Amino acid sequence: MNKRFLAAGASVAAAAMVLTACTPPGGGDDSENSSEGSVLNIGWNEAFRSMNTQTTNGNAVSNSIVTYMMNDNFGFYDDELKVQDGALGSIEQVSEDPLKVKYTFNDDAKWSDGTPVNAADLALTWAATSSHFNTVKSNANEDGTLKENKSDTVYFDASVVSRQLIEDFPKMSDDGKSITFTYTKPFADWRLAFGIGPDGVGVPAHIVGKKALGVDDPAKAKDAIITALKDEDTEKLSKISNTWNTGFDFTSMPKDEDLLVHNGPYKMTDYKEGQYLTLTLDENYTGPKKPKVETVTIRYNGDPMAMVQAIENGEVDFTQPQATADVLAAAEELEGVTVDSADGATYEHVDFTFDNGGPFDPETYGGDEEKANQVRTAFMKTVPRQDIVDKIIKPLNPDAVVRDSYNQVPGSPMYDEIVKGSGIDGFEDVDIDGAKKLLEEAGADAPTVRIMYDNTNSRRQQEVQLIKESAEKAGFKIKDVGDVNWGSRLGDGTYDASLFGWQSESTGITDSDSNYRTGSQNNYGGYSDKKTDKILDKILVAPEDKQAELSTKLEKQLVDDAFGIPIFQHPSLVIHRDTLKNASTTTVSPTIFWNYWEWEVN
């Protein structure tokens with residue numbers, strides 16, 4: 001067994017990235033160097049469920065790792081968190097005032113059915129994620145699940161702040177090879193707004209046109225999409241949004257091959273629900289990426305110890321399981337296996353629900369915001385963050401510390417300044433007496449808090465137990481509503497506190513906007529504050545010398561409003577058999593899959 005400790009790349013994450021020139025993915029390798037017939041088995045903890053990674057349901061790493069290998073992009077993060085040029089084309093700022101950004105597609109950018117990847121695809125992605133074409137703010141059933149849009153309703157299930165800043169319809173070249181977006185105001189992270197990493201250009205517009213509007217000819221289907229958008233044709237956009245929202249969701253190999261249309265080097269060839277998914281090199285791919293492994297099979301199992309056993313048995317070659325002391329110890333015993341220890345990009349946190357009639361909702365106290373804030377603050381005072389780190393995380397990383405920032409990792413350039421100015425230090429130690437006093441002042445007698453988390457996850461089970469023991473000392477009643485399907489329940493109002501991890505998808509300072517902005521996609525707790533929204537507006541256009549100051553103001557507001565509380569940075573274990581070369585990871589999605597074209601199997 002080989003064991004290595006990787007340098008944490010997280011400290012780079014606070015700086016805005018720029019696109020850097022490099023050799024196209026594949027590094028100029030000839031196809032004859034690929035391992036013909038080679039197979040790589042990768043263990044993963046959650047199964048794929050959607051080709052559209054930009055919807056609420058599809059926005060998950062379990063989907064991104066697959067779409068990343070199936071689709072090219074304009075840029076991707078390497079293991080030093082630098083953005084490298086992708087295989088789809090180029091990004092260029094053509095005007096600073098107003099901000100205009102041009103995307104130009106390479107001549108060989110094609111979907112797997114031969115249809116060009118072009119401006120229409122990116123225009124649809126902009127339209128679907130901008131909220132500009134929606135006729136309602138939300139369209140959900142009482143249980144929080146997405147409704148199918150009626151003919152007079154348009155609702156795309158996504159909201160990205162950068163795309164909302166583009167109000168005018170983009171300018172597309174006559175040949176469709178370029179598209180230019182004009183922003184209504186400066187945007188700090190314009191380089192990261194479209195086409196980076198697993199999202200690529202989004203789902204194919206011609207397939208959406210075929211399914212939604214019944215137009216079989218790919219070129220005409222794209223034209224139909226663009227026409228419907230320009231005309232703001234509600235009836236057609238209703239159909240288009242329905243298809244975009246759920247039409248690319250599946251949990252086993254679909255019979256409809258249109259759902260598998262892709263523009264990258266791998267194609268999906270098999271998928272057994274909850275068991276495994278197989279990708280095979282696409283012989284018709286003409287782009288610059290030249291992977292060396294012919295077949296990649298992702299095998300699913302949520303039990304990290306089972307993944308270690310699969311590595312030992314030779315059933316899995318490469319995995320990134322949840323890091324626990326038992327998993328690390330078991331992996332270290334294996335021969336012919338390398339274990340890489342690193343800081344992960346994910347951080348653990350407790351979030352509150354503000355709008356469900358529960359103990360943290362002002363409506364429970366007759367609309368009294370202060371009383372609800374006191375109850376939330378009281379709960380924050382009981383979360384035993386240091387105890388959790390000491391008992392659960394330090395056995396894996398002796399240098400682990402409590403994370404005191406919502407948006408920056410410990411050791412990042414802005415971290416110390418933010419922590420010093422946010423007020424989070426008031427929650428350094430558990431304060432049971434202080435919590436009791438706040439509950440008494442709020443008139444909250446033994447409030448019941450329903451905690452939702454993945455109850456098949458052993459680490460989270462331990463965390464919830466520690467939180468429960470502490471909170472109940474202050475007078476809270478804790479109700480465990482853990483669920484293996486926790487992801488689909490986020491935002492449904494059936495819980496009061498949630499325990500899960502955020503994993504970064506980019507390094508931009510605007511990346512967390514949708515977590516806190518009123519009505520945004522990732523704001524699952526219904527948090528809404530005008531001061532916060534104004535700070536977020538300023539962050540969107542912040543020059544570099546103002547970023548730390550504004551980030552500190554944002555986090556102070558989150559602390560003052562008792563939004564929730566961060567706990568720790570996840571440790572990361574990358575385990576692979578020594579037969580695999582060039583195994584690596586990066587601290588943003590898609591983690592260990594970031595350099596799949598460099599993998600080699602002996």
Side-chain angles (χ1 to χ4, degrees), residues 45-47 49 56-57 59-60 62 138 140-146 274 302-304 322 324 346-365 372-373 375-385 387-388 391-392 430 435 439 442 444-503 515 521-527 562-568 570:
N45 66 335
E46 186 179 8
R49 60 180 181 266
T56 299
N57 178 58
N59 183 21
S62 57
S138 65
N141 296 301
E142 291 184 0
D143 62 358
T145 58
L146 191 67
D303 183 351
Q322 181 184 340
T324 68
T346 302
Y347 86 91
E348 196 81 346
H349 59 101
V350 174
D351 285 358
F352 299 142
T353 303
F354 288 68
D355 60 355
N356 67 342
F360 303 139
D361 183 352
E363 292 303 315
T364 300
Y365 311 97
N373 186 302
V375 177
R376 294 194 301 269
T377 303
F379 194 88
M380 289 169 63
K381 286 180 175 289
T382 70
V383 178
R385 299 191 298 154
D387 202 25
I388 290 171
K391 292 180 177 178
I392 302 176
V430 170
L439 290 180
D445 182 23
T448 297
V449 176
R450 297 166 294 175
I451 298 185
M452 197 271 291
Y453 65 104
D454 181 356
N455 61 2
T456 67
N457 185 306
S458 59
R459 178 192 292 163
R460 298 236 164 83
Q461 291 172 354
Q462 296 175 61
E463 288 180 67
V464 169
Q465 184 59 35
L466 291 172
I467 292 171
K468 173 182 168 66
E469 291 172 359
S470 181
E472 290 186 341
K473 290 178 182 178
F476 287 98
K477 291 182 179 179
I478 303 301
K479 183 176 182 180
D480 187 329
V481 294
D483 188 348
V484 65
N485 297 313
W486 64 274
S488 62
R489 287 181 55 189
L490 287 173
D492 70 2
T494 61
Y495 60 88
D496 309 303
S498 56
L499 184 71
F500 65 98
W502 281 123
Q503 178 164 338
N515 297 357
Q521 184 175 8
N522 294 337
N523 187 351
Y524 298 118
Y527 170 67
F563 172 84
I565 196 162
I567 306 177
F568 60 82
H570 282 217

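Since the structure is predicted, the reported quantities are computational estimates derived from the model, not experimental observations.
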Inset, instruction - Evaluate side chain to side chain contact (heavy atoms under 4.5 Å, CB included) for V464 paired with L499, printing each intermediate quantity in order. - result: CA-CA 8 Å; V464 169; L499 184 71; 3.8 Å; yes
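- For N515 and Y527, the side-chain atoms include no donor-acceptor pair closer than 3.5 Å.
- To the nearest 0.5 Å, atoms CD1 (I451) and CG (D496) are separated by 9.0 Å.
- Neither side chain, Q322 nor N45, offers a donor N or O lying under 3.5 Å from an acceptor on the other.
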Inset, instruction - Evaluate side chain to side chain contact (heavy atoms under 4.5 Å, CB included) for E472 paired with I478, printing each intermediate quantity in order. - result: CA-CA 7 Å; E472 290 186 341; I478 303 301; 3.9 Å; yes
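- Atom CD in E348 sits 9.0 Å away from atom CD1 in I392 (nearest 0.5 Å).
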Inset, instruction - Applying side chain to side chain contact (heavy atoms under 4.5 Å, CB included), run through V430 and V383 and close with a yes or a no. - result: CA-CA 7 Å; V430 170; V383 178; over 6 Å; no
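- Remark: the Q465 side chain and the Q461 side chain contain no N/O donor-acceptor pair separated by less than 3.5 Å.
- R49 places a side-chain N or O within donor-acceptor distance of the main-chain N or O of N57, the cut-off being under 3.5 Å.
- Using modelled atom types, no side-chain atom of N485 and backbone atom of S488 make a donor-acceptor pair closer than 3.5 Å.
- To the nearest 0.5 angstrom, T353 atom OG1 is 10.5 Å from R376 atom CZ.
- Note on ring orientation: taking the six-membered ring where Trp is involved, the planes of H349 and W502 are parallel (angle under 30°, cut-offs 30° and 60°).
- For the pair T145 (side chain) and N141 (backbone), a donor-acceptor distance under 3.5 Å is absent.
- In this structure, the side chain of D351 does not engage the main chain of G564 through any donor-acceptor pair within 3.5 Å.
- Side-chain contact check for Y495 versus W486: every heavy-atom pair is 4.5 Å or farther apart.
- To the nearest 0.5 Å, atom NZ of residue K479 and atom OG1 of residue T448 are 8.0 Å apart.
- When all heavy atoms are compared, the tightest approach of G274 to A47 is CA-CB, 4.5 Å.
- Here the straight-line distance linking atom NZ of K468 with atom CG of D480 works out to 8.0 Å at 0.5 Å rounding.
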Inset, instruction - Walk me through it: do I388 and R385 pass the test side chain to side chain contact (heavy atoms under 4.5 Å, CB included)? - result: CA-CA 5 Å; I388 290 171; R385 299 191 298 154; 5.7 Å; no
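- When all heavy atoms of Y365 and V375 are compared, the closest pair comes out as OH-CG2, 3.4 Å.
- Taking the side chain as every heavy atom from C-beta outward, P566 and Y347 approach each other to under 4.5 Å.
- Separation of atoms CE (M380) and CZ (F352) is listed at 6.0 Å; rounding is to 0.5 Å.
- Contact between I567 and E463 at its shortest, heavy atoms only, is CD1-OE1, 4.0 Å.
- Taking the side chain as every heavy atom from C-beta outward, N356 and R450 approach each other to under 4.5 Å.
- Remark: D445 CG is loosely packed, at most 12 non-hydrogen atoms of other residues, nucleotides or ligands lying under 6.0 Å away.
- Here the closest heavy-atom approach between residue G358 and residue T364 is recorded as O-OG1, 2.5 Å.
- Between L439 and A474, the shortest heavy-atom distance links the atoms CD1-O, 3.5 Å.
- Residues A372 and D361 approach most closely at CB-C, 3.9 Å, considering heavy atoms.
- Between R489 and M452, the closest side-chain pair of non-hydrogen atoms falls below 4.5 Å.
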